[in-house]
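Below is one structure. I have some questions about it.
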Amino acid sequence: MSTIIMTATARLAVFNIKEIHELTDDDDMELERIGMPLDDNDPILKEINENSEKKVGNGKIAIFELQNQAIGTFSFLASIFYSQVFSMIDENAKKCGGSLPTPLEIYMDEWANYGEIPRFVEELAYLRGLNVGITIGLQSLSQLKKKYKDS
């Protein structure tokens, strides 16, 4: 038990940094809008909002995730961000009948510098069927092999 507590304390200590705490404390990115219909009067969006406490806006959204490539200390935040985005894509596709009404394009430049995104290979294949395209930017094939071996 003490080993688990020490490990958790060490891994979560970064969230005690004021700037990281402020960045992750509240959701102000409106991720729930990802892939939703573009028109506020779309019947799908109206039905979702009628059956939900939190109103969802239209899918007109662009999100830019930037990080200092020279300092990889906080690259895990990109991994958390993309895990949340992939989860929201799945949730929104289910709300909209199985795929996103608005095509979503994700461009991940300098992809090799992100922290490892859990289940990325599986997510890549799955999300294609939900009207999502993902493009990763690499400097060389060895960057891909380093991270994901033969998968």
Side-chain angles (χ1 to χ4, degrees), residues 2-40 42 44-45 48 54 56-151:
S2 63
T3 304
I4 293 170
I5 292 171
M6 288 185 338
T7 302
T9 301
R11 297 233 173 162
L12 296 174
V14 72
F15 292 98
N16 289 329
I17 298 171
K18 181 182 178 218
E19 292 82 4
I20 301 298
H21 175 76
E22 289 174 357
L23 179 69
T24 59
D25 184 48
D26 189 25
D27 174 17
D28 58 358
M29 295 184 71
E30 300 183 55
L31 294 181
E32 68 277 354
R33 293 175 55 189
I34 293 174
M36 296 307 263
L38 295 177
D39 183 3
D40 286 323
D42 187 283
I44 294 172
L45 194 56
I48 290 169
K54 184 177 180 182
V56 177
N58 64 45
K60 296 176 186 175
I61 187 168
I63 300 171
F64 297 87
E65 182 274 326
L66 304 172
Q67 59 182 314
N68 186 338
Q69 300 300 325
I71 304 171
T73 307
F74 301 112
S75 63
F76 73 94
L77 289 172
S79 177
I80 291 172
F81 167 74
Y82 283 110
S83 294
Q84 287 300 114
V85 167
F86 296 160
S87 177
M88 188 55 63
I89 290 168
D90 184 45
E91 189 176 313
N92 286 353
K94 287 176 182 171
K95 287 179 185 176
C96 295
S99 71
L100 298 178
T102 301
L104 174 63
E105 293 294 330
I106 300 174
Y107 297 95
M108 303 170 85
D109 193 23
E110 295 297 332
W111 177 81
N113 294 323
Y114 297 157
E116 188 168 329
I117 300 168
R119 300 179 24 90
F120 183 73
V121 175
E122 293 85 357
E123 292 286 359
L124 188 61
Y126 175 68
L127 294 174
R128 269 194 308 248
L130 303 181
N131 209 7
V132 177
I134 298 176
T135 303
I136 60 173
L138 298 167
Q139 299 298 319
S140 68
L141 188 57
S142 63
Q143 288 181 323
L144 183 64
K145 288 182 177 182
K146 181 180 177 186
K147 226 174 204 185
Y148 291 97
K149 313 284 184 264
D150 293 326
S151 64

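On a predicted model such as this, the values are computed, not experimentally measured, just so you know.
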Item to check | Gly57 backbone acceptor or donor facing Asp40 side chain under 3.5 Å | outcome: no
Checklist entry - Taking it one step at a time, do Ile106 and Ile89 satisfy side chain to side chain contact (heavy atoms under 4.5 Å, CB included)? => result CA-CA 11 Å; Ile106 300 174; Ile89 290 168; 4.0 Å; yes
Checklist outcome for this item: Nearest heavy-atom contact between Gly98 and Leu130 is O-CD2, 3.2 Å
Item to check | Donor-acceptor contact present, side-chain Ser87 to main-chain Ser83, <3.5 Å | outcome: no
Checklist entry - Would you say the side-chain atoms of Thr102 pair up with the backbone N or O of Met36, donor to acceptor, closer than 3.5 Å? => result yes
Item to check | Backbone N/O of Ser99 and side chain of Asn131: donor-acceptor pair under 3.5 Å | outcome: no
Checklist outcome for this item: Taken to the nearest 0.5 Å, the spacing of Glu110 CD from Gln139 CD works out to 5.0 Å
Checklist entry - Can you tell me how far the CE atom of Met88 sits from the CG atom of Asp27, to the nearest 0.5 Å? => result 7.5 Å
Next on the checklist: Parallel, tilted or perpendicular, judged at 30° and 60°: which one describes the rings of Phe15 and Phe76?
Outcome noted: perpendicular
Next on the checklist: Tell me which one of Ile34, Val132, Ile117 satisfies side chain to side chain contact (heavy atoms under 4.5 Å, CB included) with Val85.
Outcome noted: Ile34
Checklist entry - Measuring from Gln143:CD to Leu141:CG, what's the distance to the nearest 0.5 Å? => result 9.5 Å
Checklist entry - Roughly how far, to the nearest 0.5 Å, is NE2 of His21 from CG of Asp26? => result 10.0 Å
Checklist entry - What heavy-atom pair brings Ile48 and Cys96 nearest, and what distance separates the two atoms? => result CD1-SG, 3.9 Å
Item to check | Main-chain N/O of Lys60 paired to Arg33 side chain as donor or acceptor, under 3.5 Å | outcome: yes
Next on the checklist: If I compare all heavy atoms of Met29 with all of Ile61, which pair ends up nearest, and what's the gap?
Outcome noted: O-CD1, 3.6 Å
Checklist entry - What distance do Phe120 atom CZ and Tyr82 atom OH have between them, rounded to the nearest 0.5 Å? => result 9.0 Å
Item to check | Whether over 12 other heavy atoms sit under 6.0 Å from Ile4 CD1 | outcome: no
Next on the checklist: If I compare all heavy atoms of Leu100 with all of Ala93, which pair ends up nearest, and what's the gap?
Outcome noted: CD2-N, 3.6 Å
Item to check | Non-hydrogen atoms of Ser142 and Ser140 that approach each other most closely | outcome: OG-OG, 2.7 Å
Checklist entry - Are Leu31 and Ile63 close enough, and set up right, to give a side chain to side chain contact (heavy atoms under 4.5 Å, CB included), and what steps lead you there? => result CA-CA 9 Å; Leu31 294 181; Ile63 300 171; 3.5 Å; yes
Next on the checklist: Testing the basics here: between Leu124 and Ile134, what is the closest heavy-atom pair and its distance to 0.1 Å?
Outcome noted: CD1-CB, 3.6 Å
Checklist entry - Rounded to the nearest 0.5 Å, how far apart are CG of Asp25 and CD1 of Ile20? => result 12.5 Å
